[in-house]
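Every chain is numbered from 1, with letters handed out A, B, ... down the list of sequences.
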Amino acid sequence: MFFILISMRNAEVAALLYEIADLLELKGEMVFKVRAYRRAAQVIESLGRPIEDAWQEGRLEEIQGVGRGIAEHIDEFLRSGKSEYYEKMKKTMPMDVESLMRIEGMGPKKVKLLFDKLRIKTVKDLEAAARSGKIRVLPGMGEKTEQNILKGIEFAQKSGGRLLLGRALPIAEEIVENLRKLKYVNHVNYAGSLRRMKETIGDIDILVTSSDEKKVIDFFTKMPVVTDVIAQGPTKSSVHIQGGTQVDLRVLPESRYGSALMYFTGSKEHNIELRKIAIAKKWKLSEYGLFSGNRIIAGRTEEEVYKKMGLSYIEPEMREARGEIELAQKNRLPDLVTLKDIKSDLQMHTKWSDGVNTVEEMALAAKKLGYEYICITDHAGNLLVANALDAKRLDQQRKEIEKSDKKIPGIKILQGAEIDIRADGKLDLKNDVLKELDIVLASLHSALKLPEEKQTSRILAAMDNEHIDIIAHPTGRLIDRREGAQLDFRRIFEKAIETGTVIEINAQPDRMDLNDVNAFAAREAGCALSIGTDSHSTDQLRAMRLGVGIARRAWCTKKEIVNTLPYKDFAKKFGIKK
DNA sequence: GCCGTTTTCGGCCCGACTGTTTTCAGTCG
């Protein structure tokens, strides 16, 4: 068995290569050279194993997209923490490229021109120049350009960052529903990273087939949620909606729906791979279809296009150019877990600790979702902020759970608890209390900044306790708000297999923890996984689909997810006798 | 800069919209 460890250095190396790419682009280097750096960065970012391993083994050049030149930069960076090449370039172009490029409408050419002519280095410089009318006199620029720059700056300051998947999904679904109601609209779907279930979303892409393109675009740009229209052409439009999210719409004829949906679902890297296959067959693939010369040979459905290309259908969550195309060629894609496979939710809170609903309300809501059993996992121990239960209250709660279990037929209610792992690795409750519970979750809630070694030991110690069944939200991160614990996942996965501990995929929209890359590594290592919503109200139970999304992005089948087990098998696996 | 059952040289994904132009470059996805 081989193990995988996700290292922080991968992200550092990727960041360096991205920055080099930006600077090369400013310099006006060949687009292909720039692209080569970006591609290498992207591959290393989602590598799934530490770049140091390949480096120490002298096998950097075996990484896709890394050749002699880039390998040398990586080597220097890993040895010395610096890159002469990068620093030299940065000296000649000292502007804040990242921030400037993030302004809508600002690309490398404008950033370079504005630096050369006006010494603009920061967004602040840019704003001042635009306000005083210094930009309009430059070649290729005009008054409108200045206005757009100011609008772009204002917008970048207001919005900042990406939208959580769990927030973007309902918005996209509502827009899709509204478009679907129109008489002249046939197919409509959202695409993009949203359809691939990435944990955060840059913007929302929507695709429509219609007999009347103009009417669709008109309807779209005049929706009440639209705050301003960025672009509006005959087949394509972009708008901002309340809250600042950008929504792109594309209208296409029915016969192109499949190829367009593929194109807009991405990922970009997946599309490029597909197009290369088409080129090798002397065809051409675009959003308008698969072409042999001028003749369209596929495009109506995604299935048709994949099939014509000699590939089995690839689920959107797998389209990241991480080897799925090769598997599709061999017809060996995994049968991904689906929401329907889920028989239970293994993490939820009630009024007993920090939730808003009762045991009974949670159970009824879970039953409505079609679950066979659930696990009530209120906080227990000393976590006072979360109103954690002590031994006495756990006893009282057990009586209520048993009562509800009898009262509500068709769903089994288990008593679990979420126990805090203290900084020294000790658990927040005594063993004689833990042993009375059906399922025990252990998780980190504090001291998330300890060094990796200590943090890892904490989790390993918890797993060594025979009563701990699941490690919940392993890193404790909150997306865009808190980084979470540094962990040596290689050792954690080893210990999980040794002790039979399950690792949770937490489906809370701002947790998504394990994330897709770590869940991928866990599955490859052979770990058992669970998906829990960590719900604090009945509404939140529906977040299960986000967790399933992570599992699917990690190529999990139902075999790897313990809460797809029917109750009988689940009870047997965890030694529950009731 | 990378890469190769078409190539170790000559390719590298493809198209829409905007704004400033008067035929197109820049940007975006």
Side-chain angles (χ1 to χ4, degrees), chain A residues 17 20-21 23-43 60-74 85 100-114 135-149 151-152 191-194 196 201-207 213 217 221 229-239 246-252 256 259-260 262-291 321 329:
Chain A
L17 297 179
I20 291 177
L23 293 176
L24 288 173
E25 198 169 29
L26 287 185
K27 249 175 82 181
E29 273 286 355
M30 293 273 295
V31 283
F32 301 112
K33 188 166 165 177
V34 174
R35 205 177 283 166
Y37 276 92
R38 294 231 165 95
R39 184 173 137 73
Q42 193 260 334
V43 169
L60 281 175
E61 287 181 50
E62 285 173 34
I63 297 169
Q64 265 301 312
V66 177
R68 188 76 162 282
I70 291 181
E72 270 170 24
H73 296 318
I74 297 175
Y85 183 61
L100 287 169
M101 297 262 276
R102 214 178 290 150
I103 308 294
E104 175 116 48
M106 288 289 286
K109 294 283 159 36
K110 280 191 195 141
V111 170
K112 182 68 168 29
L113 180 75
L114 291 171
I135 293 177
R136 65 183 71 174
V137 298
L138 299 175
M141 308 275 175
E143 219 171 307
K144 191 88 193 227
T145 315
E146 278 176 350
Q147 283 168 21
N148 282 342
I149 285 173
K151 251 164 79 181
S193 47
L194 191 60
R196 303 202 311 280
I201 302 300
D203 53 29
I204 295 174
D205 299 299
I206 300 209
L207 208 60
E213 286 107 342
I217 300 270
T221 55
V229 178
I230 307 163
Q232 180 173 7
T235 64
K236 187 178 166 178
S237 170
S238 298
V239 301
Q246 181 173 330
V247 185
D248 296 338
L249 177 81
R250 199 62 184 250
V251 194
L252 284 124
R256 315 288 161 97
S259 49
M262 276 171 80
Y263 172 77
F264 285 104
T265 298
S267 67
K268 198 167 141 196
E269 291 73 22
H270 178 86
N271 286 346
I272 289 172
E273 296 292 310
L274 291 181
R275 284 176 177 188
K276 282 183 187 164
I277 293 176
I279 289 167
K281 293 182 191 283
K282 304 225 189 271
W283 296 337
K284 191 184 75 171
L285 178 64
S286 76
E287 62 261 52
Y288 296 109
L290 183 60
F291 292 89
Q329 281 171 327

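The list of side-chain hydrogen bond (donor to acceptor under 3.5 Å, both in side chains) pairs with a residue in residues 276-286 of chain A, not counting sequence neighbours, is empty.
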note = For nucleotides 13-23 of chain B, 5' to 3', base contacts (B), sugar-phosphate-only contacts (S) and non-contacts (-) with protein non-hydrogen atoms under 4.0 Å give BBSSSSSSS--

task = Please lay out, stage by stage, how A/R39 and A/Q64 fare under the test side chain to side chain contact (heavy atoms under 4.5 Å, CB included).
result = CA-CA 9 Å; A/R39 184 173 137 73; A/Q64 265 301 312; 2.8 Å; yes

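Using a 4.0 Å heavy-atom distance criterion, A/R68 is classed as a sugar-phosphate-only contact.
Judged by atom type and distance alone, A/K282 reaches the base of B/dT6 through a side-chain donor-acceptor pair under 3.5 Å.
Put simply, CD on A/E61 is 16 Å from C1' on B/dG4, counting in whole angstrom units. Rounded to whole angstrom, the span from the CG atom of A/L194 across to the P atom of B/dG29 amounts to 15 Å. Following rounding to the nearest Å, A/H73 (NE2) and B/dG1 (P) show an atom-to-atom distance of 6 Å. Rounded to a whole Å, the CZ atom of A/F264 is 11 Å from the P atom of B/dG29. Straight-line distance from the CG atom of A/L114 to the P atom of B/dG26: 13 Å, rounded to whole Å. Between the NZ atom of A/K33 and the C1' atom of B/dC3 there is a distance of 16 Å, given to the nearest Å. The separation between A/M30 atom CE and B/dC2 atom P is 14 Å, rounded to whole Å. We find that CD of A/Q246 is positioned 12 Å from C1' of B/dT27, with the value rounded to whole Å.
Pair check for B/dT8 finds none; no Watson-Crick or G-U wobble contact set falls under 3.5 Å.
For the side-chain hydrogen bond (donor to acceptor under 3.5 Å, both in side chains) with A/S238, the lone residue among A/D205, A/D203, A/D248, A/T221 that qualifies is A/D248.
The residue among A/Y37 and A/I103 whose nearest nucleotide of DNA chain B is located toward the 5' end is A/Y37. Ranked by how close their nearest DNA chain B nucleotide is to the 5' end, A/P108 and A/K281 are led by A/K281.
Proximity of A/R275 to A/Y263: side-chain heavy atoms (C-beta onward) are separated by under 4.5 Å at one or more points. Taking the side chain as every heavy atom from C-beta outward, A/K27 and A/K33 never approach each other to under 4.5 Å.
A/K236 and A/E287 are not joined by a salt bridge, as no carboxylate oxygen comes within less than 4.0 angstrom of a charged side-chain nitrogen.
B/dT5 adopts an anti glycosidic conformation, its chi angle falling more than 90° from 0.
The salt bridge (Lys or Arg N to Asp or Glu O under 4.0 Å) check on A/K151 picks up nothing, with sequence neighbours excluded.
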